[in-house]
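Note on naming: letters A, B, ... go to the chains in the order of the sequence lines (proteins, then strands), and numbering restarts at 1 for each one.
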Amino acid sequence: MQLDHLGDFQRSHRNGELRLGDAGTTVRLLGWVRKVRDLGSLIFLDLRDRWGVVQLRLDTADADPVLLAKVRTLRSEFVIGAEGVVLERESKNPNLPTGDIEVRLSAVRVLNTALTPPIPVEDLEGNEANEDLRLKHRFLDLRRESLQKNLLLRSHAARVIREHFHEHEFIEFETPILTKSTPEGARDYLVPSRVHAGEFFALPQSPQLFKQLLQVSGFERYYQICRCFRDEDLRADRQPEFTQVDVEMSFVRQEDVQGVLEPLMVKLAKLVGKEVATPFPRLAYADAMEWYGSDKPDVRLATKIQDVTPAFAESGFNLFRAAAESGGQRRVRALFFEGEAAGALSRKQLDELGEVAKHLGAGGLPYVKWGKDGLSSSFKKFVEGEAEAALKAALGASGEGLAVFAVGTDAQTSKVLGELRLRLGRQFGLIDESRFAFLWVVDFPLLEWSEEHARFVACHHPFTAPHPDDLALLESDPGRCRAVAYDLVLNGYEVGGGSIRIHDAETQGRMFRALGIGEAEARAKFGFLLDALSYGAPPMGGLALGLDRLAMLLCGETSIREVIAFPKTAQARCLMTDAPSPVDDRQLKELHLLEEKAQTYRVGAVFFESAEGGNPTLRAEAVQHLSQMTPRQASGLVTLDDQGRILDAQTLNGPTFEF
RNA sequence: GGGGUUGUAGCUCAGUCGGUUAGAGUGCCAGCCUGUCACGCUGGAAGUCGCGGGUUCGAGCCCCGUCAACCCCGCCA
């Protein structure tokens, strides 16, 4: 099809901005054909651009035949320039901002055609293709209004963030993407060095150390919106590359950092019409685990986990009584959901919950239900009579409702009840989805024992300051030492995390020792940091926000892929570019990743000698190619293995023969 | 690394107990249509039932393997 040139055609208006007041004006518009509605002697076209949609009209009876023929060829997603007069519509469309007017076509330029899209581009209910197809054709998927809206909102959020930090005199920095691998934390993405055989850069898991060093340099307030990389398995709210809003400040306490972040959250919430009050609630990590079974509780749900161990001290139910007799090693913890809905849960639904509990490591799901037909329970004979009253008192239960129990160590019971709390809360409609519930979880433990590494590892990172009251515990009882670390939680998602840092070399050395990192290793891995801390490092602290998660929650989405233009799949693949992909052996050799076993020969006599034992067909082809080569090409290399077979035969064969 | 869900027309899905020629909606193509805007009406084309193997007289359906997407556990300082 013959395409028109853009030429001198210039847009006079954006499609979404035309109103009744523009009636009578001749306009020039650009965009994509969303839809053609051909009524016979009347043709309507919807023209879409970034800013909206407007209806174009052509009356076939009095139309220029050339224009009519051209318009009849238009299909969805064609790119056109349209010229015409704005007119008030005969029948208006109240669902469209431009619904009062239409543009009567006088000229059209077809700037490009389009194949029939493999996925729907129109953003209708139930019109969404499978995600793998959407990701493969992401450039089309991104034409959809909902994704355009999400990415626009993300852009607005980023702008608000930048403005906020600039208002507060933060300085924006760029830090290296090619940096040093660190022993702690997530797996690194590694980048081989061509110049230094056998050595590697790592992509940053975060700019943590650089932002601290910038404080040592005296910049006092740093921020950056930066990409971070972690080679770990994915989730709906986790990608291998993600964006952090990275913040660091000098001469601050935890409260100062929080004081800068809270008003920013208020502004961001306002972008989507949510009011949030400051200061945000502070919740100690220990309380979060005790009440919500999670270090990122969704506090829109009021239901809390309760300790009911004492209620079973005399019980005939051995499983629970044993826990009561374990001296605190094991406890019986419970969730109680009051109400008819909870009391009416069917046997099947309870079985399903039991499966969930098993999946999370519980043996099963003991429950007690007070419904229409009275009491039912998986351990009914132990909760009848006096025991029932005692249990109700312990749970604070009066009417109908459901109690579910978990028994075991705190870690075990928190995991099970933390998950069931959310699941049942959602099921019973106890969560106000319209709310934004921010809170700070504080007083995280500094270290936790890792069975895998048989040593303590940092809960946050190795540069987190120990709580001043717990400093002595660093050597005596590291597991009980608290950190000055804080997470910002929104609706059950960790949207940020930070800490006050260690700012003196001596404490940093103690921390490394507690982590089992020896003097020599600390020197090799973090020598520059220890040096920096020895030259007058200020007290400092900061935080990093997960911009993807934040954007996701602002957009009301449940996956960060909906707020990332080109996301990866759960298997860390890009379905559009097909990355990662194999690379040429030549690249691998250059990077010293593939051992150079093969011999290389100058083309010429040596080549023919070495090819003696080789494949005759390939050799013939090679000879053919060589005879056609210019001297310059022939001075290149041909690769043979030690049997004289041509390793690079494909290059000799292929259409892109290059030396 | 482990568990679960899904895979049938371009797209979204249905497909009964294993039984004749695998259907619907939508999109696409063609014709008709003067106020549509999820236009309407009529007709048409469109299938590697993810892939490989097995069971069976016979497999979209059952079994084994495998691939991919999604969700979860582990992991993610």
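- One can find a donor-acceptor pair under 3.5 Å joining the base of B/rU36 and the side-chain atoms of A/R89.
- Residues passing the salt bridge (Lys or Arg N to Asp or Glu O under 4.0 Å) test with A/D22, sequence neighbours excluded: none.
- Legend: salt bridge (Lys or Arg N to Asp or Glu O under 4.0 Å) pairs involving residues 506-520 of chain A, not counting sequence neighbours, sorted by first then second residue: A/E475-A/R510.
- For A/D233, whose side chain is taken as the heavy atoms from C-beta onward, the closest listed nucleotide among B/rC75, B/rU36, B/rC76 is B/rC75.
- Using atom C1' as the reference point in both B/rA46 and B/rU12, the two lie 16 Å apart (nearest Å).
- In terms of phosphate contacts, A/R230 brings no side-chain nitrogen or oxygen within less than 4.0 Å of OP1 or OP2 of B/rC75.
- The ring pair (Phe, Tyr, Trp, His ring centres under 6.0 Å) search around A/F444 returns A/Y285, not counting sequence neighbours.
- Residues that satisfy the side-chain hydrogen bond (donor to acceptor under 3.5 Å, both in side chains) test with A/D531, not counting sequence neighbours, are A/R523.
- Defined by atom type and a distance below 3.5 Å, a donor-acceptor pair is missing between the side-chain atoms of A/Q55 and A/T98.
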Tabulate protein N/O versus nucleotide N/O from nucleotides 6-11 of chain B, keeping only pairs under 3.5 Å, one per line.
from: B/rG10; atom 1: O2'; to: A/P118; atom 2: O; distance (Å): 3.2

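- Shown here, B/rG10 forms a base pair with B/rU26; the pair counts as Watson-Crick or G-U wobble because both key distances fall under 3.5 Å.
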Residue pair A/D578, A/S581: steps toward the side chain to side chain donor-acceptor pair (under 3.5 Å) verdict: CA-CA 7 Å; A/D578 216 16; A/S581 53; over 6 Å; no
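- Mapped onto RNA chain B by nearest heavy atom, A/T558 and A/S41 fall at different nucleotides, with A/S41 at the one closer to the 5' end.
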Distance-only check: which donor-acceptor pairs under 3.5 Å involve side-chain atoms of residues 203-210 of chain A, not counting sequence neighbours?
from: A/Q205; atom 1: OE1; to: A/A186; atom 2: N; distance (Å): 3.2
from: A/Q205; atom 1: NE2; to: A/A186; atom 2: O; distance (Å): 2.7
from: A/Q205; atom 1: NE2; to: A/D188; atom 2: OD1; distance (Å): 2.5
from: A/S206; atom 1: OG; to: A/Q208; atom 2: N; distance (Å): 3.2
from: A/Q208; atom 1: OE1; to: A/H461; atom 2: NE2; distance (Å): 3.4
from: A/Q208; atom 1: NE2; to: A/Q212; atom 2: OE1; distance (Å): 2.7
from: A/Q208; atom 1: NE2; to: A/H461; atom 2: NE2; distance (Å): 3.3

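- Atom name C1', nucleotides B/rG15 and B/rG47: the rounded distance is 14 Å, in whole Å.
- Here A/R561 reaches the OP1 or OP2 of B/rC71: one of its side-chain N or O atoms lies under 4.0 Å away.
- Residue contacts shown for A/T182 are absent, as no nucleic acid heavy atom lies under 4.0 Å away.
- Residues of residues 13-24 of chain A that place a heavy atom closer than 4.0 Å to RNA chain B do not occur.
- Toward the 5′ end of RNA chain B lies the nearest nucleotide of A/N95, the other residue of the pair A/N95 and A/L234 mapping further downstream.
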Using residues 482-490 of chain A as the side-chain source, report each donor-acceptor pair under 3.5 Å to any protein atom, sequence neighbours left out, with the distance given to one decimal.
from: A/R482; atom 1: NE; to: A/D470; atom 2: OD2; distance (Å): 2.8
from: A/R482; atom 1: NH2; to: A/D470; atom 2: OD1; distance (Å): 3.3
from: A/Y486; atom 1: OH; to: A/S499; atom 2: N; distance (Å): 3.4
from: A/Y486; atom 1: OH; to: A/S499; atom 2: O; distance (Å): 3.2
from: A/Y486; atom 1: OH; to: A/G542; atom 2: O; distance (Å): 2.9

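- Only the C1' atoms considered, B/rG50 is 11 Å distant from B/rU6, to the nearest whole Å.
- A close approach under 4.0 Å does not occur between any side-chain nitrogen or oxygen of A/S91 and OP1 or OP2 of B/rG35.
- Of the residues in residues 235-249 of chain A, those with a non-hydrogen atom less than 4.0 angstrom from any atom of RNA chain B are A/R235, A/A236, A/R238.
- Here the CD1-CZ distance, from A/I119 to A/R144, works out to 7.0 Å after rounding to the nearest 0.5 Å.
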Short heteroatom pairs, N/O only, protein and nucleotides 39-43 of chain B, under 3.5 Å:
from: B/rC39; atom 1: OP1; to: A/K35; atom 2: NZ; distance (Å): 3.0
from: B/rC39; atom 1: N4; to: A/D38; atom 2: O; distance (Å): 2.6

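- Counting only N and O atoms by type, the side chains of A/S346 and A/Q349 include a donor and acceptor under 3.5 Å apart.
- To the nearest angstrom, C1' of B/rG35 lies 12 Å from CG of A/N93.
- Every side-chain hydrogen bond (donor to acceptor under 3.5 Å, both in side chains) that A/E88 has, sequence neighbours left out, goes to A/K92.
- Checked against side-chain hydrogen bond (donor to acceptor under 3.5 Å, both in side chains), A/T577 has no partners two or more places apart in sequence or in another chain.
- Contacts of A/K92 with the nucleic acid, taken as non-hydrogen atoms under 4.0 Å apart, include base atoms.
- Between the side chains of A/Y222 and A/D246, a donor-acceptor pair is found at a separation under 3.5 Å.
- Nucleic acid contact for A/E90: base, since at least one base atom lies under 4.0 Å from a heavy atom of the residue.
- Residue A/R455 holds its CZ atom at 10.0 Å from CG of A/L447, rounded to the nearest 0.5 Å.
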